[in-house]
Amino acid sequence: MTSEQIRQSFLDFFESKKHSIVPSAPLMPDAPNLLFTNAGMNQFVPYFLGEREAPYPRATDTQKCIRAGGKHNDLEDVGLDTYHHTFFEMLGNWSFGDYFKQEAIEWAWELITEVWKFPKERLYASVYKPGDGEPANFDQEAYDFWKAIFEKAGLDPDIHIVYGNKQDNFWMMGDTGPCGPCSELHVDLTPEGNTKGSLVNADSPYCIEIWNLVFIQFNATPDGDFVPLKSKHVDTGMGFERVAGIIATSKNFTDFSTPPSNYNSDLFTSFFDQLTSLSGHEYQRTLPEDLDNISEIEMKDVIFRVLADHARCLSCSIADGILPGNEGRNYVLRRILRRAVMYGRRLGLENGFFAQLVPTAVKQLGQVFPELEKQQGIIQKIIQSEEDSFSRTLDRGIQLFENTLTKDGNISGEEAFRLFDTFGFPIDLTQLLAKQKGIYVDTEAFNVEMEKQRDRARASQKKTDILVADSNGDTEATTFLGFDTLADEAELIDIVKAEDSSYLVFNHTPFYAEMGGQVGDTGAIEFDGAHFDVIDTIKDDHGRFLHKVSGDLASISSGIEANLIVDHDRRRSIERHHSATHVLHWALRKVLGTHVRQAGSYVDSERLRFDFAHFEAIKPEELAEIEKLCNEHLLDNSIVRWFETPFDQKPNDVIAFFGEKYGDVVRVVDIGGFSKELCGGTHVRATGEIGLIKISSESAIAAGTRRIEAIVGNSLYSHINEIEQLIATASQSLSTAPADLLKKIDSLLTRNSELEKRLKKFQQKASGNLANDLVKTATESDGLKIVRAEVQASDPNALRQLGANVLGKLGEGIVVLGAKVKGKASIVAFCSKGAIGAGHKAGDIVRELTIRLDGKGGGKPDFAMGGGTNVTKLEEVINTFQR
Ligand code: SER
């Protein structure tokens, strides 16, 4: 069976058992606490928890998964063994409160032994048996079903059923969420196939888990409880690559003489063929015998496996909009890519090789996951640009790595941190290089440095040090009314004193507190007899809105009422910029691609700033198109709506910023149906309020992250007025109509350059004449001609040219010239060959003279220059010069 046939036959089998075939969810998870989609069941969590009703009672699919960070992380094993991957497909079947253990177990057995013909005597099932203090009871039911199956097959259940505790036989997606006991199917792949279960869960490549049948019964809560669910569900996950590898290696179960490997399946051969043509090396199916001592041939095979795995991982995640970057899941991808490039170098592969693997990944997986085909161009460009930027630093980094080795030949934590911080060398790459050299990296000390950096970052983010001790301890979150009103009557419930200001807290407020990139509101607070200007509004850790005020607070105390009035014009202007940010985000994704994701934003009343993931500078024509699309949508005056909804009932096409922690209830901002984002900020009511948008700049702020700045509404109006004013003033001073300004500037520039040419000629002539005149003033002493004069010169250089000119005309002798240049005295001196022969030196002359001018100077025997501040003495110093 080919891998394609295996995948299809799994889906067909469960379709025949009345399962709906559903598409894979994207690798970008819905749950904010997951780095990547890491199991088939992720997309079904709300059905398991009973938060939403499943649209079908049974489902089956192949799910794209990445396990390279978080609770399930296989990155370090990839390549070194034959069955771990960063990216893999998980085939699964699900029951949502429908069938349970019996059908799950019997159908699994039927598919594996009757459809695919796995030899029954090589199969082992594991059953949950809790250890001390572990949840739930021994899974008697599962045991009984397996017992009946093995007995029917003439196999001893005491041998073919093994027990596992929470670690092996209780599935959890993360620390919380739906979970339950599971039964796994393991296959004995030793040549004889008679290990009697001794290799199950023993980390042996000869006995591999291929399928996990999970019986979802509980919800694990953050406080460590396992709360029984209303309905019971089935969640199974089969390692597709493992099954394909076993069937390929054993040639449809006819030959168990060679060690099993996922990489023997046709899923990987096209990558290996391409790597062979790129590198000239062949994949030889070896495995490291001793991980501390990997031979050259073994290492080449490790690299082949790593590169194929990583190419699939990067291609699929970028297709789903997760790009390499500096934070969280994006950083995991950058590390994987850099790891691939480092390994590739060991195989002699050059910059760009990794991007060349993308078409292979697309060919291999594009039929099943069409987003790969759709995004191929973007994926390749992104990988190429990452490779380029990493290659640039890699050579320098490797050099630095060599220089970094301390006296005892190891890498200290501080040095490892510097490699990371300055050269973008992830610690595992440093470890990789170190491993190749057989040296040690102090990772513990590295982690200490990382923690210090995090502390620094936290400290710099914490803008205000609120002294909570000074508050009355009432820390209930403030109700925000400012979506609907900009004025409110409220009760003062606390006064919080910080180092240099005070903050007023009310039971409710129309003031928006800085959050999500939108600045805090300003305005006024009026008590009976006291008025305060609000300079800023921020939120504390308890969700209380703190209104920053200055002035004497003696006349107010908690419990009194006040009028809270937001600066209306400023707030409206902020809203315009905020809504424009959403429209811009939409246009960027439309023109550049859906890989564009917000990386940060800042919105105030004057401008907006939007940072986002994109791999290259935006071309001027793209920028023009983006701006045009935005303005079209402002002109059509699209309605802006916002509403609250439970997180998992938000519309499917809403953009959420992953990495943000969203609460159970989220706010959706919908602009004209074309832009939907989760956002807690305040917005205009219709896009017409924004007026017009103008992009003022586009730049890079980090590798793979761009920044756009733009202005709208009032700010843009003022900006246009300023430009108009500028043009009017310029036209006035040039005595021309604004429409003729360019023509006028052009003609002035032409005339200017003509005049400059003429002036130069004139100056040359004048300088020649002046030089002639000066030569005529030469005096003679001991047969040596001397010219000394104070002249006019625009700068020291002009003085120097004049001096050289005079000496040229004089022939032999000394020339000393002085000039007042920009409030200072400048002096040049020249000595001809003959003068030098007679013992005179220009350097000495200038030194001597400039001392008298309270300055300094010097130079060579033939020419020297200098200056001083005592301008009034210049005439005397020049005139009295003697030799
Ligand atoms: N959730 C289980 C797993 O990922 C079965 O799908 O292994």
Self-check item: Axial cation check for Phe253 ring with Arg122, 6.0 Å and 45° limits
Solution: no
Practice problem: May I ask you to decide if the ring planes of Phe170 and Tyr128 are parallel, tilted or perpendicular, using 30° and 60° as cut-offs? | Solution: tilted
Practice problem: Describe, in one word, how the ring planes of Phe215 and Phe100 are oriented to each other, choosing from parallel (under 30°), tilted (30 to 60°) and perpendicular (over 60°). | Solution: perpendicular
Practice problem: Give the ring-plane orientation class for Trp146 versus Trp109, where under 30° counts as parallel, over 60° as perpendicular and anything between as tilted. | Solution: perpendicular
Quiz item: Angle class for the Phe272/Tyr263 ring planes (parallel below 30°, perpendicular above 60°, tilted otherwise)?
Solution: parallel
Quiz item: Is there a donor in the side chain of Gln375 and an acceptor in the side chain of Thr594, or the other way round, less than 3.5 Å apart?
Solution: yes
Listed pairs under 3.5 Å, donor-acceptor, residues 188-196 side chains, sequence neighbours left out:
unit_1: Asp188; atom_1: OD1; unit_2: Thr190; atom_2: N; d: 2.9
unit_1: Asp188; atom_1: OD1; unit_2: Thr190; atom_2: OG1; d: 2.7
unit_1: Asp188; atom_1: OD2; unit_2: Asn194; atom_2: N; d: 3.4
unit_1: Asp188; atom_1: OD2; unit_2: Thr195; atom_2: N; d: 3.0
unit_1: Asp188; atom_1: OD2; unit_2: Thr195; atom_2: OG1; d: 2.6
unit_1: Thr190; atom_1: OG1; unit_2: Gly193; atom_2: N; d: 2.9

Exercise. Give a yes or no on whether the backbone of Ala25 and the side-chain of Gln63 come within a donor-acceptor separation of less than 3.5 Å.
Key: yes
Quiz item: Between Ser24 and Asp61, does any side-chain donor sit less than 3.5 Å from a side-chain acceptor?
Solution: no
Practice problem: On the 0 to 90° scale, with breaks at 30° and 60°, tag the Tyr47-Phe96 ring pair as parallel, tilted or perpendicular. | Solution: perpendicular
Quiz item: Between the side chains of Glu4 and Gln8, is a donor N or O closer than 3.5 angstrom to an acceptor N or O?
Solution: no
Quiz item: Without hydrogens or angle criteria, can the side chains of Thr2 and Asp266 be said to hold a donor-acceptor pair below 3.5 Å?
Solution: no
